[in-house]
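Have a look at the structure below before the remarks.
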Amino acid sequence: MREKELRFALICYGGISLAVYMHGITKEVWKLSAASRAFYDDVPQQGSGRVYGELLNAIAAKSGVRLRVLADIVAGASAGGINGIFLARAIATGQSLDPLTELWLKDADVDSLLDPDARPLSAATKFWAVPLAGWAMKRRGNVIDRTVGEDAQAEVRAKLSRFVRARWFEPPFGGETFSELLLDAFDAMQGGPKGPALVPTGQPVDLFVSVTDFAGHSASLALNSPPRVTEQEHRLVMHFRQDERSDDGLCDVPALAAAARATASFPGAFPPFTLRELDGVLHKRGIAWPGRDAFVRAQLPTGGESDPADRVLIDGSVLANAPFRPAISALKQRPARREIDRRFVYIDPKPDFRSISFGKPGEGTDGKAPRLPGFLSTILGALSEIPREQPIRDNVEAIEGMSRRIRRMQHIIDAMKVEVEEQVAALFGSTFFLDTPTPARLQKWRAKAQDQAAVRAGFAYAPYGHLKLSAVVEELVNAIDRLAPPAGDIHRRNRRDALWSEVRARGLDRLSGKRGLGASGDAVVFFRTHDLGFRIRRLRFLARELDRLVEAKRDARDPACDAMRDAIYAALGLYLERQGDNWLAGADVPADAGAAAWFDAIGERRDLIGADAEADRLVAEGLAQLPKDDRRMMLLAYLGYPFYDIATLPLLQGEGFDEFDPIKIDRISPSDATAIRTGGAAAMLKGIEFNSFGAFFSRAYRENDYLWGRLHGADRLIDIVASSASGENALPPEALAAFKRRAFHAILDEEEDRLPKVKALIAELRGEIGAI
C-alpha cells in the first residue's frame, strides 16, 4: 500500500473574542493529527478521533493509499496567534490541548481580564455612567435582547455594566493579568496528558507569530540615488522552529508567552507589551528564563540605543492579520519522504460578517444619495477593520506561482528521465549495474557523474554554478552572523561584502573550466568543501524516487525498502547536523576574524568530504539490499541527479523545493461549514457582537462558539482529508455525510457535560444532524 502525507500549513486569523471559536477548530486539527498518528501506530482513539481514523481506513481501502495527516507549519495573528502557539506546541511536544478548554471557557471573560486597577470598586463607581449604560442595555430591541438568550441576559448586562464603568482613556484589560493567564495555560498543558509528537521523526515544525512594533525599527533600502535610505518598519514576525537540529524551539515557555501576549495586544483593550512586563510576572512566579538573551537576539530588531526590554509591541493583526508570507517561506528545504499533498488551510472566523457597515456603492434610500460613513465609523474602519480584512489575493497568487514552478519542474524531470538514464548508462557501461556498489565505487561513480554533467551542460553550467555559488556564500554569511552577531546593520553589510571580496580574490567568480566546459578546478574544490545544499537536495530526491519508483510497486511493506530509506535518512542526517549552529560552535575562530579565516574554519569544521565518505557507505549498504532492478533505478537516480539539478535549480531561482507537488488552498469558516446550518457567522456565533468582543461577556457565549468551532472544524477537515483522494478513488458524498454525522455526535457526546449553558443548543443540534 502506497503512503502519502497530507500536510497542513495552518494560517489563523485574528478575531478578538472569536479566539474561543478558533480554539474549537484548532482542537479538531490537533485531534485529526493525533488520530492520524494513532492510525499509523494502530492505537485506538475515542470521540471524533475515532471517526477520523475510520475515515483514513476508508480512504486506504478505496484508493490503496495510507494517508498520514499532519500540521507542520502554523502561522497566526492576534487571537489566531495565541491558538497557533498552543497548537504548534502540542504538535511538536505531544502535549494535549484538552486542558486549555476549561481555561478558555472560564478565564476568557471580562471579569478575569479586567485590570485590577480598572475594576469598579463599588456600585457607585462612575455613578453618572450607570444611567447611560442602563439606557443602552434596557431599551427595547437593544443588541442584548436581539442576540442573547434569556438565561444569559442578566450575566451580559452585569458584566457590560462593570466594563462600561471601568477606567476610561486607558486599556481596561490588564497586561500582567493576561500574561498570568497565558502562563497558567502553558502550566495546564504541561500538567496534562502527553503522547508522542504528532509529526514524523526529523520533520520540522515551524511557528510564525505576527506582531506590530509600535515605534518601528530602522530598515535600510538600497536605491540608485541616494544609494541607501532608512525607513521605519513596523511589521515583525517571531519565528520558532523545532527540528532535528533544534529540539527545544517550541519548549521555551516564557518566549512563547511573550509572543502570545504581544500578538494579542488589541489596541485600546490591552496595554502594549514590553519584555519588562513579562520579566516582572516571571519574577513574581519564581520562574527563571535562561533563554531570554537568545529570544531577544532572535526575535527582536537589533540596533538603536534603547534596551530591547523597552521595545513596545502591539497586536499582530494591525498590519498582518493573515500571515501567509512567512508560512510560504517555510516551504523551502522541507523534507519529503513520500508523495506530499500540501495544503494551505486558513481559519477565518467571520469572512462574511462586518462589525461596521460601510454601505454599498450606489446604495441609497428613496432615491437619495447613499449616506457616507460617519466620523467614528471612518476612523475605526481606517485604523482597524480595513487593514484586518484586506483580501489575501496577493498571497494566493504567490502560492499559485509556486505551484506552477513545481508542476513545470515535474514535467522537466519526467521529460529528462530517459535521456539522463541513457547518459548515465553511457558513462559507465551497462555492466556496472550488475556490480554491488561499494563505498569506494560509489564515490568514484558519483564524482565522474558530477564532472560529466557539468561538461555536457555546456554554457548552461555557468548560470547554474553562479546560483549555487550565491546560495553557498549567503548560507555562510548567515551562519557567521549567528555565530558572531554583528554590531549593527552596517557591520553586517561590511562583513558580507568582505566575504564576497574573498570569493572573487580566490577566483571563484570564474566558475567555468577551459573552453567554457564544466567547472574550474577552484570551483570544484569550493563546492566539495562548502556545498551542503546540493548534497541535501540529492538525498531527498533519492528518497522521493524510492517511494515513487520502487515502493509504489510493492503490495506490502518491504524490509529492503525500509533499509534503503533508513540509509538515505541516516546519510541526510550527516549533512543536516552540519548545518546547525551547535556543530559550528566548535569552530575555533576569533569573533573579529577576516573572511578567509571564516571560510577555512567552517569548511574544516564541517568536513563535508569526510561526511561524503560516510554517506557513501550508508547508501551503498542500502543499495546492496535491494533487488537488482530496483538497485539499478536507485543508482540511475543518485548518479543522474547532477543532470536534474542543473536543469531545475535555475527554474527554482536557486532555492530548491523538497515537496515536489503543487499546493492547494482551503478555508475553514462558518460560511464554508454548512453540513448542519447555513447563514455564516451571524447565524451561529455569539462572539461577533460588540465589535467581536462579545464572547468576553458570557460563558454561554463562549460555550456556544467553542462548540461551533469543533463542529465546523470537523465538517471542513473531513472535506479536506477526503479531497486528497480524487477521481475514481474519491469517497462518495453519502459516505462523507455519514462520517460527518458520526463526528458531530461524537463531539456532542464528548462536550455535553462540559457545556451546561448550551444544553438547549445541543438538543437542537442532535435533531438537525439526524441519526447516525
Side-chain angles (χ1 to χ4, degrees), residues 2-5 200-203 244 333-340 409-410 412-414 416-417 420-421 423-425 427-428 432-433 436-439 441-450 453 531-554 558-576 578-579 608 611-649 652 656-661:
R2 291 177 54 232
E3 294 185 352
K4 180 178 175 180
E5 287 185 3
T201 302
Q203 179 71 24
E244 65 275 1
Q333 302 299 337
R334 211 148 192 90
R337 299 175 182 231
R338 51 188 62 85
E339 181 184 356
I340 304 298
M409 184 182 69
Q410 288 176 325
I412 290 172
I413 289 175
D414 291 341
M416 291 176 62
K417 188 170 288 293
V420 168
E421 290 179 354
Q423 294 266 10
V424 174
L427 280 177
F428 301 105
F432 100 101
F433 293 110
T436 300
T438 64
R441 286 173 179 167
L442 201 58
Q443 187 276 330
K444 181 179 177 181
W445 295 343
R446 181 170 47 74
K448 184 176 181 180
Q450 288 177 217
D531 192 0
L532 261 171
F534 172 82
R535 292 159 162 98
I536 292 170
R537 292 194 302 274
R538 179 178 60 203
L539 285 168
R540 287 180 170 160
F541 176 78
L542 188 65
R544 179 169 177 82
E545 293 298 278
L546 174 68
D547 173 71
R548 197 163 68 96
L549 301 179
V550 178
E551 285 193 298
K553 300 184 300 183
R554 302 293 199 267
D558 186 347
C561 291
D562 289 344
M564 184 70 230
R565 179 184 292 104
D566 291 343
I568 292 171
Y569 279 91
L572 185 60
L574 297 173
Y575 301 118
L576 291 175
R578 284 166 166 77
Q579 275 188 322
L608 295 186
D612 290 341
E614 178 63 13
D616 287 335
R617 182 189 67 78
L618 291 165
V619 172
E621 289 178 357
L623 289 169
Q625 299 189 52
L626 291 173
K628 182 177 66 176
D629 289 344
D630 294 333
R631 184 167 66 241
R632 181 179 188 276
M633 283 191 287
M634 288 292 95
L635 276 170
L636 287 170
Y638 191 58
L639 300 178
Y641 182 73
F643 294 89
Y644 296 121
D645 201 49
I646 289 172
T648 59
L649 196 68
L652 298 174
F657 285 101
D658 299 308
E659 298 178 0
F660 296 113
D661 299 278

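Fair warning: this is a prediction, and the values are worked out from it, not measured in the lab.
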To the nearest 0.5 Å, what is the distance between [atom1] on [X] and [atom2] on [Y]?
| X | Y | atom1 | atom2 | answer |
| --- | --- | --- | --- | --- |
| Arg540 | Leu576 | CZ | CG | 5.5 Å |
| Met564 | Arg631 | CE | CZ | 11.0 Å |
| Ile413 | Arg544 | CD1 | CZ | 8.5 Å |
| Arg578 | Leu532 | CZ | CG | 8.5 Å |

Residues that [X] engages under side-chain contact (heavy atoms from CB on, under 4.5 Å), provided they are two or more places apart:
| X | result |
| --- | --- |
| Arg446 | Gln443, Gln450, Arg538, Asp612, Asp616, Tyr638, Leu639 |
| Asp531 | Lys468, Val472, Phe527, Phe534, Arg535 |
| Ala571 | Leu539, Ala615, Leu618, Val619 |
| Glu621 | Arg617 |

Might you point out which heavy atoms bring [X] and [Y] nearest each other, and give the distance in Å?
| X | Y | result |
| --- | --- | --- |
| Trp445 | Pro437 | CZ3-CB, 3.8 Å |
| Met633 | Leu549 | CE-O, 3.8 Å |
| Met634 | Leu542 | O-CD1, 3.6 Å |
| Ala449 | Phe643 | O-CE1, 4.2 Å |
| Leu546 | Cys561 | CD2-O, 3.8 Å |
| Gly640 | Val424 | CA-CG2, 3.8 Å |

Legend entry - Residues which pass salt bridge (charged side-chain N to carboxylate O under 4.0 Å, His left out) with Asp562, listed by chain and number, not counting sequence neighbours: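 Only Arg557, Arg565 meet the salt bridge (charged side-chain N to carboxylate O under 4.0 Å, His left out) criterion with Asp562.
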
Legend entry - Side-chain touch Arg632/Lys628, heavy atoms, less than 4.5 angstrom: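 Not in contact.
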
Inset, instruction - Report the C-alpha separation of Arg441 and Lys444 in whole Å, then their side-chain angles, then the decisive distance to 0.1 Å, and conclude whether the side-chain contact (heavy atoms from CB on, under 4.5 Å) test is met. - result: CA-CA 5 Å; Arg441 286 173 179 167; Lys444 181 179 177 181; 5.7 Å; no

Inset, instruction - Mind running side-chain contact (heavy atoms from CB on, under 4.5 Å) on Leu442 and Leu635 for me, showing each step along the way? - result: CA-CA 9 Å; Leu442 201 58; Leu635 276 170; 3.9 Å; yes

Inset, instruction - With sequence neighbours excluded, tell me which residues meet ring-ring contact (aromatic ring centres under 6.0 Å, His included) with Tyr644. - result: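 Phe541.
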
